[in-house]
Number of protein chains: 2
Amino acid sequence: MNVLIVHAHHEPRSFNAAMKSLAADLLRGQGHEVVVSDLYAQGFNPVATANDFATRADAEYLVYALEQRHSHGQGTLAADIQVELDRIKWADLIIFNFPIYWFGMPAIMKGWIDRVFVSGYCYGGKRIYDRGGLKGKKAMLCISLGGQRHMFGPGAVHGELATLLQPIQRGMLAYVGLEVLPPFVAYHVPYISEAERRDYLEQYRQHLLGLHQLPALEFPSLDDFDDALRPRNAL
Amino acid sequence: MNVLIVHAHHEPRSFNAAMKSLAADLLRGQGHEVVVSDLYAQGFNPVATANDFATRADAEYLVYALEQRHSHGQGTLAADIQVELDRIKWADLIIFNFPIYWFGMPAIMKGWIDRVFVSGYCYGGKRIYDRGGLKGKKAMLCISLGGQRHMFGPGAVHGELATLLQPIQRGMLAYVGLEVLPPFVAYHVPYISEAERRDYLEQYRQHLLGLHQLPALEFPSLDDFDDALRPRNAL
């Protein structure tokens with residue numbers, strides 16, 4: 001397998017960095033190829049602007065997704081976007097490794113999605129979900145949380161983790177056709193002991209060793225929707 | 001009222017920009033004070049780094065939220081963060097005006113949350129939800145979507161809009177104690193006619209005129225959770 005790890009943490013000695021390194025080492029040890037997009041180390045620019053396009057379909061009025069499609073077709077995407085898009089094309093599995101900030105990705109990673117999940121390649125028109133442009137590839141979240149395990153679930157103070165992750169797992173990953181493997185989640189990370197960190201790393205190692213057996217999460221199939229994307233069998 | 005509009009769109013002639021200007025003009029016309037944080041125009045930096053803190057609680061190992069708390073106490077937050085935090089302190093109502101990108105905020109606005117919702121002021125420890133640091137202030141989303149109205153809802157292809165917005169409305173806004181007013185949502189915006197745009201702007205005008213009558217959304221009350229944030233009456 002070709003594995004891309006997209007990593008977003010500003011502290012090289014962080015637990016997130018340790019999870020990133022563990023995955024890279026373990027997967028390389030299994031004979032896989034691994035590339036890491038270390039967004040902080042790269043100084044990745046997360047802000048989508050007109051500068052992302054060397055040529056324009058409409059130079060007067062910026063509709064970002066339409067210009068993505070145009071520039072992808074022309075081969076005129078900004079160089080830093082093209083590098084990351086080529087990594088996506090190369091990868092069989094993409095691991096997103098990050099701390100949850102405000103129930104979502106840190107801005108530097110959200111901007112990687114905004115700029116690199118290029119319309120015209122990753123999705124477009126009805127090429128979404130199980131007809132998405134990245135169909136055949138897999139993805140997985142590896143995340144840390146400040147909150148404790150009992151703060152997530154039905155009736156818990158922060159609600160269900162699956163709901164919190166739905167915009168990412170469904171709205172970003174499944175949307176472009178990626179098969180989404182179950183996430184690895186480490187709770188309460190800023191506050192746990194060294195022994196608990198080691199225990200979490202061992203759990204992550206087991207998660208990765210069993211990766212090929214993990215059943216993918218379930219998301220919509222366009223087979224269940226008509227040409228206007230209305231449900232074929234409305235409830 | 002003092003109203004802060006946080007606006008994130010790179011196209012000055014966009015529909016989002018028109019909604020921002022309509023709100024500013026209408027609210028000023030009603031005698032309110034309005035300040036706009038135009039994130040693209042300001043060149044706002046959305047990436048949380050060690051540079052955000054002129055002094056450090058721990059110079060060797062960066063835990064962002066702990067350094068926020070420290071630097072807020074010392075008055076040594078980066079100048080661009082302090083400007084935005086002062087606007088939050090000043091505001092009675094914050095309107096977040098943006099296009100939905102990938103089921104969430106554009107990275108430039110997500111980074112405004114990451115950097116400006118400062119631990120030690122906006123929240124901290126158990127000062128969250130109805131005990132959050134911004135209690136007494138209100139917030140509202142004004143968003144545009146590429147998808148059509150029938151693509152959101154129970155059984156719809158993209159799921160329920162409330163679920164899509166939960167990480168923002170609950171995880172960011174209600175979390176810091178903001179009273180969250182019902183969002184204004186414009187669908188299918190890149191593809192609609194000029195007449196439909198005018199119709200949406202009129203709907204937004206009515207939404208704003210009725211703002212003081214809109215019932216706030218409901219979120220957890222810490223009264224229902226114990227000191228460890230476990231539900232007092234588990235289901």
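Just so it is clear: chains get the letters A, B, ... in the order the sequence lines come, proteins before strands, and each one is counted from 1.
Without hydrogens or angle criteria, A:R13 side chain to B:E60 main chain gives a donor-acceptor distance under 3.5 Å. The backbone N or O of A:A48 sits less than 3.5 Å from a side-chain atom of B:Y40, completing a donor-acceptor pair. One N or O on the side chain of B:H150 and one on the backbone of A:A228 form a donor-acceptor pair closer than 3.5 Å. Proximity of a side-chain donor or acceptor of B:K110 to a complementary backbone N or O of A:Y101 within less than 3.5 Å is detected.
Most heavy-atom pairs under 4.5 Å with chain A: of the set B:Q148, B:M172, B:M151, B:R230, this distinction falls to B:R230. Heavy-atom pairs under 4.5 Å with chain A were tallied for B:V157, B:L229, B:I108, B:I168; the largest tally goes to B:V157. Note on A:L66, A:V47, A:V63: by heavy-atom pairs under 4.5 Å with chain B, the leading option is A:V47. The candidate with the highest count of non-hydrogen atom pairs below 4.5 Å against chain A, out of B:P190, B:A50, B:G159, B:G111, is B:G159. Your options are A:P12, A:S14, A:G146, A:P220, and the one with the most heavy-atom pairs under 4.5 Å with chain B is A:S14. When A:F44, A:Y123, A:F219, A:W112 are compared by the number of non-hydrogen pairs under 4.5 Å with chain B, A:Y123 comes out ahead. Ranked by heavy-atom pairs under 4.5 Å with chain B, the list A:I113, A:L39, A:N45 is led by A:I113.
For B:M105, the part lying near chain A is the backbone, with the side chain staying farther off; criterion is any non-hydrogen pair under 4.5 Å. For a residue to count as touching a neighbouring chain, one of its non-hydrogen atoms must lie under 4.5 Å from one of that chain's; by this rule B:I128 touches chain A with the side chain only. Interface remark: A:F117 contributes backbone and side-chain atoms alike to the contact with chain B (heavy atom separation under 4.5 Å). Contact of A:S221 with chain B is not made at all, since no heavy-atom distance falls under 4.5 Å. Proximity to chain B is limited to the backbone of A:F15, based on heavy atoms less than 4.5 angstrom apart. Residue contact with chain B, scored on non-hydrogen atoms closer than 4.5 Å, involves the side chain of A:L222 exclusively. Heavy atoms closer than 4.5 Å to chain B are found in both the backbone and the side chain of A:L62. Only the side chain of A:V176 comes within contact range of chain B, with heavy atoms under 4.5 Å apart. Only the side chain of B:R170 comes within contact range of chain A, with at least one heavy atom under 4.5 Å from a heavy atom of that chain. Contacts of A:Y61 with chain B are made by both backbone and side-chain atoms, with heavy-atom separations under 4.5 Å.
Atom CD in A:E11 sits 12.0 Å away from atom OG1 in B:T49 (nearest 0.5 Å). Here CG of A:L164 is found 12.0 Å from OG1 of B:T163. Values are rounded to the nearest 0.5 Å.
Other residues, nucleotides and ligands contribute at most 12 non-hydrogen atoms within 6.0 Å of the CG atom of A:D227.
When side chains are defined from C-beta on, B:Y64 does not count as touching A:P99, because their heavy atoms never get closer than 4.5 Å.
A distance below 6.0 Å separates the ring centres of A:Y129 and B:H158.
Nearest heavy atom pair, residue A:A156 against residue B:P231, reads CA-CG, 4.5 Å. Nearest heavy-atom pair across B:P46 and A:A107 is O-CB, 3.4 Å.
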